[in-house]
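Chain A is the first sequence line, chain B the second, and so forth, proteins listed ahead of strands; every chain is numbered from 1.
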Protein chains: 2
Amino acid sequence: MELISLHKCLCDRQRLRIVNLLSEGSLCVCHLQEILGENQAKISKQLQYMKKLRVVFARREGVWMVYSLPVPTHPVLLATVEYLRSNEADDFACFAEDLQTRSSILQRYADNIAECPQAVYQSATGC
Amino acid sequence: MELISLHKCLCDRQRLRIVNLLSEGSLCVCHLQEILGENQAKISKQLQYMKKLRVVFARREGVWMVYSLPVPTHPVLLATVEYLRSNEADDFACFAEDLQTRSSILQRYADNIAECPQAVYQSATGC
DNA sequence: ATAATATATGCAAAAAGAAGGATATATAAA
DNA sequence: TTTATATATCCTTCTTTTTGCATATATTAT
C-alpha cells in the first residue's frame with residue numbers, strides 16, 4: 001500500500017465508510033451493501049478500486065468474497081480510523097452509525113452461521 | 001479542515017511535497033516554486049486548491065504571500081508527515097531532498113533579509 | 001446440466017481534476 | 001504615474017473518476 005494510493009482511497013466518503021467498517025473486522029460484499037444502502041455494482045467497483053491500490057485485501061470463502069484490511073495497519077490509515085472515532089470528525093455520526101448497523105447485522109448470524117462466511121462470523125463473535 | 005478535503009490534498013505528490021515543506025515552517029510561493037522546480041502558475045493553483053480546502057493558510061507580507069499549515073496540526077496530517085520522514089515511505093528520497101533544498105535556500109537569507117518575508121526568515125533562523 | 005445466489009465487469013455518459021499558456025492583479029519602488 | 005516583482009486567475013484541452021445499467025462469471029445446491 002502506497003501513501004498516495006491510500007489517500008486516494010480515503011478522499012471519498014463511501015470508501016472512508018468501508019475502511020471504517022473493515023477496521024472492526026472482515027465483511028463480505030453483501031454486508032457492506034446492506035450497511036451502506038448501496039447497489040451491489042457500486043460497492044463492488046469501489047472494492048475493486050481499493051483492492052487494486054492494495055488498501056483492502058480479498059479472499060474467497062465459498063460464494064462469498066471476504067474483504068479485510070491488510071495487517072499491519074498502515075500508520076496513516078490507523079490515524080484516520082482513530083480520528084473517525086474521536087468525535088472530532090465533522091461528520092462523525094455516519095461512521096458511528098455504520099458500526100452500530102454492522103453489529104446488528106452480525107447478530108443475526110449468531111443463530112444462523114450458514115448464512116455468513118466463517119471469517120465474518122468469527123470477527124462478529126470474537127472467537 | 002475536513003477529513004475528506006485533507007485526503008484530497010494528500011493524494012497528489014506535489015501537494016504532499018508542499019505539505020512536507022510547510023511542516024518545517026512557512027514559505028512563500030517563490031520558494032516553493034524554486035524548491036519544487038515548477039512554474040509559478042502551477043504552484044499557485046495548487047496553493048489555491050489547498051487554501052480553499054483549508055489545508056493551508058495564507059497571509060500577505062508585502063509583495064509576498066506566506067503560506068503555512070494551520071495550527072494545531074490535524075492528527076491525520078501529522079501522521080502523514082511523520083510517515084514521510086520515517087524512511088518507510090516508498091518514495092522517501094524526494095521528500096528528504098526537498099527539506100535539504102529548503103535549508104540551503106533559506107541560508108541565503110541569513111545575509112540578506114530584505115529578499116525574504118520576515119515570517120519565512122524567522123522560521124529559517126528559528127528566532 | 002440447471003438454477004440460484006453472490007460478486008465482478010463492460011460500456012457510455014457525466015463529472016471532476018490537472019496542465020499549459022496567456023493575462024490580470026497587487027504591492028512597492030522610482 | 002510608470003515599472004518591476006510576486007502572485008492569482010481565465011480559458012481550453014486532456015485525463016481520470018464516478019455512476020448507471022446491463023451483463024458476465026463463479027460457486028453451490030438441485
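A salt bridge does not link A:R102 with A:E97: none of the charged nitrogens is closer than 4.0 Å to a carboxylate oxygen. Checked for salt-bridge contact, B:K8 and B:E2 miss the test: no charged N lies under 4.0 Å from a carboxylate O.
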Could you go step by step and tell me if B:L22 and B:L27 meet the side chain to side chain contact (heavy atoms under 4.5 Å, CB included) rule?
CA-CA 7 Å; B:L22 294 183; B:L27 284 175; 3.9 Å; yes
Test side chain to side chain contact (heavy atoms under 4.5 Å, CB included) on A:C28 and A:M65 and set out the steps.
CA-CA 5 Å; A:C28 49; A:M65 290 297 297; 5.7 Å; no
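Inspection of the A:S26 and A:R59 side chains reveals no N or O donor paired with an N or O acceptor under 3.5 Å.
By the side-chain hydrogen bond (donor to acceptor under 3.5 Å, both in side chains) test, A:N20 is found to be paired with no residue, residues two or more places apart in sequence or in another chain being considered.
In the hydrophobic cluster analysis, where Ile, Leu, Val, Met, Phe, Trp and Tyr join through side-chain heavy atoms closer than 4.5 angstrom, B:F57 is grouped apart from B:L78.
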Reading nucleotides 5-11 of chain D from 5' to 3' and marking B where a protein heavy atom lies under 4.0 Å of the base, S where only the sugar-phosphate is that close, and - otherwise, the string is -SBBBB-
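Between the CG atom of A:N39 and the P atom of D:dC21 there is a distance of 8 Å, rounded to whole Å. Atom-to-atom, NZ of A:K8 to C1' of D:dT15 comes out at 11 Å; the value is rounded to the nearest Å. Look at CG on A:L36: it is 16 Å from C1' on D:dT18, rounded to the nearest Å.
The residue among B:E38 and B:Y49 whose nearest nucleotide of DNA chain C lies closer to the 5′ end is B:Y49.
Within the 4.5 Å cutoff, no side-chain heavy atoms of B:V55 are placed close to those of B:R15.
Taking the 5' to 3' direction, DNA chain C first and last meets chain B under 4.0 angstrom from a heavy atom at C:dG17 to C:dA28.
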